[in-house]
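Reviewing the structure listed below.
Remember, predicted model here, so these are calculated numbers, not experimental data.
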Amino acid sequence: MEPKNQYIPYKMRIANIIEEAPLVQTYRLEFVDEKDAAQFSFKAGQFAEYGVFGEGESTFCIASSPTREGYLECTFRSSGRVTKALANCELNDIIGLRGPFGNTFPIEEWYGKNIVFITGGIGLPPLRCLIWNLLDQREKFGDITIYYGARTVNDLVYKEELEEWKNRSDVNLFLTVDPGGETPDWKGLVGFVPTILEQNPPKSENSVAIIAGPPILIKMGMPILGKNGFENNNIYTTLENRMKCGVGKCGHCTVGKTYVCKDGPVFTYDEVLNMPPEY
Amino acid sequence: MDFEPKIVAFVCNWCTYAGADLAGTSRTKYATNVSIIRFPCTGRIDFMLLMKAFENGADGIIVSGCHPNDCHYTSGNFHARRRWIVFRSLLDFMGFDTDRITFSWVSAAEGTKWAGLVDETTEKIREKGPFTEFKKLDYSILEKIENDVVTE
Amino acid sequence: MTSLQNKVTELFENGTINLLIGFKEAIHKLPVPCFIDNVSQVEQLIFTPSCKGNLSVYLHKTEVKQAKKVGILANTATLRAIVQLVSENQLGDIEKTVITLNTNGELVVFATMDELEAYVQANFPELSEEDKKLLDQLNAMSRTERWQYWTEQFSACVKCYACRAVCPMCYCSSCTVEGNQPQWIKVSSETTGNLEWHTMRAMHLGGRCINCGECGRICPVGIPVHMLTVKMNQDIEAEFGAKTGFSVKNGYALNSFKPGDKEQFIK
Amino acid sequence: MEIKNIKSTNIPAFFDQMIKSGKVVIAPVLKKSGKVFFEAVQSYDQVSTDYIQTGFSAKSVVFPKVEELFSFKKDDEGIEITNNLHTIPETVVWGLRPCDASAFNYLTEFFLKENPDTYFTARKEKTTLIAISCAKADNACFCTSVELNPGSTSGSDILLTAMGESVYIELITEKGKAAVETAASLFTPGEEKSKEEFLAKVTSVFSMDEVKVRIKTAYDSAEWKHASMGCFGCGACAFACPTCTCFDIQDEGTQDSGKRLRCWDACGFGLFTKHTSGHNPRTNQTERRRQRLMHKFKYSVENLGIVSCVGCGRCIRNCPAHLNIFENILSVTK
C-alpha cells in the first residue's frame, strides 16, 4: 500500500458545540468515513491540523482523552482567519482534520508518581486530554494537583469539568484568576498562576509536573518548579509554534534544529534548556 | 446563449445611491445587470475593490458619486478624482482595458441620468463581451506547460 | 585615510553622530551596507559611484532609530528619499547628518534640511536613458501588447517582496499583504494576484515614489517594476504639477487636491 | 560509472530527440531582463549556453513555487477532494550546475527521510537531471568551500563536460543511461579521464571542517548583528536558493470550491514565525538571518548529516543589499 498522503485531510462532522468562554468553543468531531475512524488512533499530547475548506488550517491539540473513543474534541479561541471561520461553522458542518501529529506524554513512565499540572487560559485544552486520560486510570497514579488560572472568571474554560474536579476528593485543584478578573461571588484564588504556584508549592518527591500555556507562563513557571526541587527531566511542557504542515517540512515551527511538530510538542525542561529561546 | 454582462456599481451614499433610489421610485426602466454597492463617500472607494470585483467575475464597473463641490464631506470626491486620474492611467499603462470602468458624477436628483448611465454601460459591455482577459491568467509557467501536455 | 573616512571620524569625535550608515566593500568586491558605531571601524568605509543602494531604507529600522544621532551616506536618490520622508513626517525622532558626493566628487555634509533641499532642487535628475527608452517602447505599444508584456513579466514574480523591502517609502509597520482578514492579495504567486500586488504597490506609492529605481534594479527575476511608478510620477507631474522628493513642505500629491483638477473621462 | 563521448555539434540533436520522445525539457533560457532562467523549451535553439548560474535554481521542478495539494468541491453529498498528481509528466532538467544537482541530494533526503512527501516523490521520480560542469565562475561562487567542485557528479543523473570539440559524458545513474538511449547512435564509448583543465577555478574561502566545529558555539556570537543589520527581510535569497524548502499552506477559492496550495515561504519574513496572538519567537532580522544561516550550516548537519548550502552564490547575487553568506559565516565562526 502506498504511504498515506499526509496533506489530504480526514472529513469530520461537527457533532456538538459547547460555548466555553467568550470566543472559546469546544467542538466534538466525528469521522464522516468509518474507514478513517477505524484507522485513526492517537495518544495524549498529540495535536492535529483542523481545516475549514477555502479558509485554511489551524493547529491545536486534541482536547479529548484517547480513552473516550468514537469522537475527538478540540477547543479553540477564535482569533485568526481560520479559527473565525471555524467558529462560524454550524452543527453537522464538515471540516478537515489532519493528524495526529507529534510525540506524546510518556504516561507509562509516570505510573505510581504524583502528577502536577500547571496551566493558564487556553492552555488547559492540551492538558485536559492528559488529565482525563489519567483520571480514567486513576488508581495508577499518586496525588493529582492542578493549578489553573485565567484572566477573568469568564475566561476559565471547561467550567463544568472544573467544578467536577473541585468536588473530587482525589484531585487537588488550585483555581485562580488574574488580579482584577474576579467577580463578587468568586470563591477561588486571585493572582497570576506563577504567583499561586510559588505560594502553594507542590511537593517534588516522586512527582512529575506538566506545564502548558502561553510562552510567558512556560518561561516563568519552569524555573519556579526547578527551585522547588523538581528535576529538569521531570518537568514537561507542550510548546506550540506557528505551524503549517505538521510533519516537519514547512519549517515554520523550528526552534533551532528542533521541529516542534515532529520532535515535540512535548518536551522536558532539559530539552527546552538546550534549545535557543525561540518559542 | 446571449451574454448578460455583470456590472458592479460602486456608489456614494449621499448622491448616486439616492439618485439610483430616485430612478427606482420614479419607476424609470433600466438594465437589471447592475449590482450596487453603497459607500459612505467616493473617497472611500479603494482601487483594490475594483480589482477584486473584476477578479471575481465583473464584466464592467461603474464608479459614481457626488458632483464636484457637492460632496457631503466637502472634499471626498476631489480626493477620489485625483486617485481615479492616476489609477486609470496606471491601468492603461499595464494594458488593462479601462473602457470597462465607467466613472461618473450622479446627483440625488439625477435619477434619469443614472438609468441612462446603467443602460449605456451595459450596452457597451455587452458589445465588448465577457471580461476574460484578467481572470484567465493562470498559474506558473511550469504548471501551464504541464497542463498543456496533459490536455494534448 | 580618505577624506570621507577623515570626515566621519571627525563627526564621531565631536559627537555629531553615534551611528553611520555607509558602504563597505564585501569579500566578493561589491559594496554592501555597513553600520558603523565607533571610530575604529571607519577604515572600511567606501563611497563610490558603484554604491547604488538607497540607504535611507535603514532609517526606519528600530536599531537605527534607537541610535538617535545618525549619519548616512547618500547618493542623489537617497537625498530625494530623505526629503520626501521628511515631508511625510517620518524622520522626526532622529537627528540625521547627511553626507553626499557632489558632481565634482567632493564631499558635502549638509548642515540643515534647507541646504539639503536646495541641493536636491539644483540637482534634480532627468529620467535615465534606459528608463526613457523602455517607457517610450511601452507607450508605443497597443493596449493588448502592453497587457501581454506586463502579464508575462508578472507571471515570473515569486512574491519575494524584495521590491517592497528596498523601498524607502514602504515604511508601514504592517503591510496590506500581511493581513489575511480579508486576504487582499493572494499569498501564492500567480499572475492575477501578482498583478494586483504590483498595482497596489504602485498605487500606494503614487505621488510618493522618488524614482530611485531600486525596486526594478534588485528584482531577482528582473521585472522592471519601477516603470509603474515612473509612469505615475510622470502623470502626476503633468496633471497636478507635483514633483516627489523635491520639497520638504509638499506632502504628497494624492493626499491633496485642487478643485480645478482636470480630467476628460468622468461622465 | 559509464563514460561516453559526443561531438559538441551533436548536442542539439540529442536535446531535440529528448523533446521528440515526449519529455518536458526544462533548460536555461535568456530572458528579456538579461538574466537566465529555467523554462520549458521546445527546441535547442532557445537554450542559453552562456551563463555562470541561472537566476533561480532548478528546485521548482520538484518543489514548484505554487503546488496544488488538492482541490475540493462541496455538494449535497458532502465534500469531494481530488488531486492531480497523476498528471506530472516525464521531465528533463538540462544544464543545471553541479552545485544545483547536488542540492537535489539534500532535497531528497529532507523530503523523504521522515514522513515522506507525496508530491515531492511524484515529481522526483519523473525527473532526470542533466548537469553541465562549470567552465566559468564569478566572485559569488564558493562551491569548493562546501566540499563540492565545478565538476562534482553528486546528485546528477548525467554530467556533461565540454572538452574542446567533444563533450565528455558521465552517466551516473540508471535514469541517466536511459536518457542517452533515446539517441544512442550519437554517442561513442569513452574512458574515464581528468576533467580538471576544463573546469572553472573556484578558490575555497573556508574550511568546512573548521566551520562545522566552530558554528556549534556561534549562536551567541555578537557578529550576527553586523552580519544581518543590512538584511531587508525579503525572500529573494530563500526563493532563489536550491535547498530552501520552507513553505506556506494556503486555501484559495470559497468554502464551496477551491484549492489548497503550498507556496514558497521564507524564514526572513517577519510573519514567518508570528503567532496569531501577536507573540513572535524571532522578533528581529538578526534572529531571522541567524536562523537561515545556522540551518544551512548547523541544523541540517545535526538533523540529516548534510550541509545544506551548495555554494551556488545565488543568495549573494540576488540579495538587494548584496549581503554575503560566506563572509557572514566566516565572521561568526572567527
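For D:Tyr119, the part lying under 4.5 angstrom from a heavy atom of chain A is the side chain only. The contact between D:Phe70 and chain A is made entirely by side chain atoms (from C-beta outward), counting heavy-atom distances below 4.5 Å. Interface residue A:Cys245: backbone and side-chain heavy atoms are both found under 4.5 Å from chain D. When heavy atoms are compared at a cutoff of 4.5 Å, D:Thr254 approaches chain A solely by way of its backbone atoms N, CA, C and O. Looking at D:Tyr219, the atoms closer than 4.5 Å to chain A (heavy atoms on both sides) all sit in the side chain, from C-beta outward. Heavy atoms of A:Arg81 lying under 4.5 Å from chain D belong exclusively to its side chain.
The two atoms that bring D:Asp248 and A:Lys244 nearest to each other are OD1-CE, 2.7 Å, heavy atoms only. Minimum heavy-atom separation, A:Tyr259 to D:His295: OH-NE2, 4.1 Å. Between A:Gly251 and D:Cys246 the shortest heavy-atom distance is CA-SG, 3.7 Å.
Not a single donor-acceptor pair under 3.5 Å links the side chain of A:His252 to the backbone N or O of D:Cys267. A donor-acceptor pair under 3.5 Å is formed between the side chain of A:Gln6 and the backbone N or O of D:Pro116. One N or O on the side chain of D:Asn115 and one on the backbone of A:Val247 form a donor-acceptor pair closer than 3.5 Å. In this structure, A:Lys249 contributes its side chain and D:Phe110 its backbone to a donor-acceptor pair below 3.5 Å. A:Lys11 places a side-chain N or O within 3.5 Å of a backbone atom of D:Ile79 that can act as its donor or acceptor partner. No side-chain donor-acceptor contact under 3.5 Å links A:Arg242 to the backbone of D:His275. Checking side-chain atoms of D:Asn303 against main-chain N and O of A:Lys257 turns up a donor-acceptor pair under 3.5 Å.
The CG atom of D:Asp117 lies 8.0 Å from the CG atom of A:Asn5; values are rounded to the nearest 0.5 Å. The structure places CD of D:Glu114 at 4.0 Å from NZ of A:Lys262, a figure rounded to the nearest 0.5 Å. The distance from the CG atom of D:Asp265 to the SG atom of A:Cys250 is 8.0 Å, given to the nearest 0.5 Å.
With sequence neighbours excluded, the residues satisfying salt bridge (Lys or Arg N to Asp or Glu O under 4.0 Å) with D:Asp100 are D:Arg314.
Put simply, the side chain of D:Asn83 does not reach to within 4.5 Å of the side chain of A:Tyr7, judged on heavy atoms.
Contacts with chain A were tallied for D:His279, D:Glu287, D:Arg290; D:His279 has the most, counting heavy-atom pairs under 4.5 Å. Of all the listed residues (A:Thr258, A:Asn241, A:Thr83, A:Asp263), the one sharing the greatest number of non-hydrogen pairs under 4.5 Å with chain D is A:Asn241. Your options are D:Gln250, D:Gln291, D:Lys298, and the one with the most heavy-atom pairs under 4.5 Å with chain A is D:Gln291. Comparing D:Asp251, D:Asp256, D:Thr273 by heavy-atom pairs within less than 4.5 Å of chain A, the highest count is held by D:Asp251. Comparing A:Pro277, A:Gly248, A:Pro9 by how many heavy-atom pairs each has under 4.5 Å with chain D, the most go to A:Pro9.
Within residues 91-102 of chain A, the residues having any heavy atom less than 4.5 Å from a heavy atom of chain D are, in residue-number order, A:Ile94, A:Arg98. Residues of residues 266-276 of chain A lying within less than 4.5 angstrom of chain D, judged on heavy atoms, are A:Pro276 in numerical order. Using non-hydrogen atoms only and a strict 4.5 Å limit, the part of residues 47-61 of chain A facing chain D consists of A:Gly51, A:Val52, A:Phe53, A:Gly54, A:Glu55, A:Gly56, A:Glu57.
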Checking D:Arg282 against A:Thr254 for the side chain to side chain contact (heavy atoms under 4.5 Å, CB included) test, could you report, in this order, the C-alpha distance in whole Å, the side-chain angles of both residues, the deciding distance, and whether it holds? CA-CA 11 Å; D:Arg282 290 197 278 273; A:Thr254 51; 3.8 Å; yes
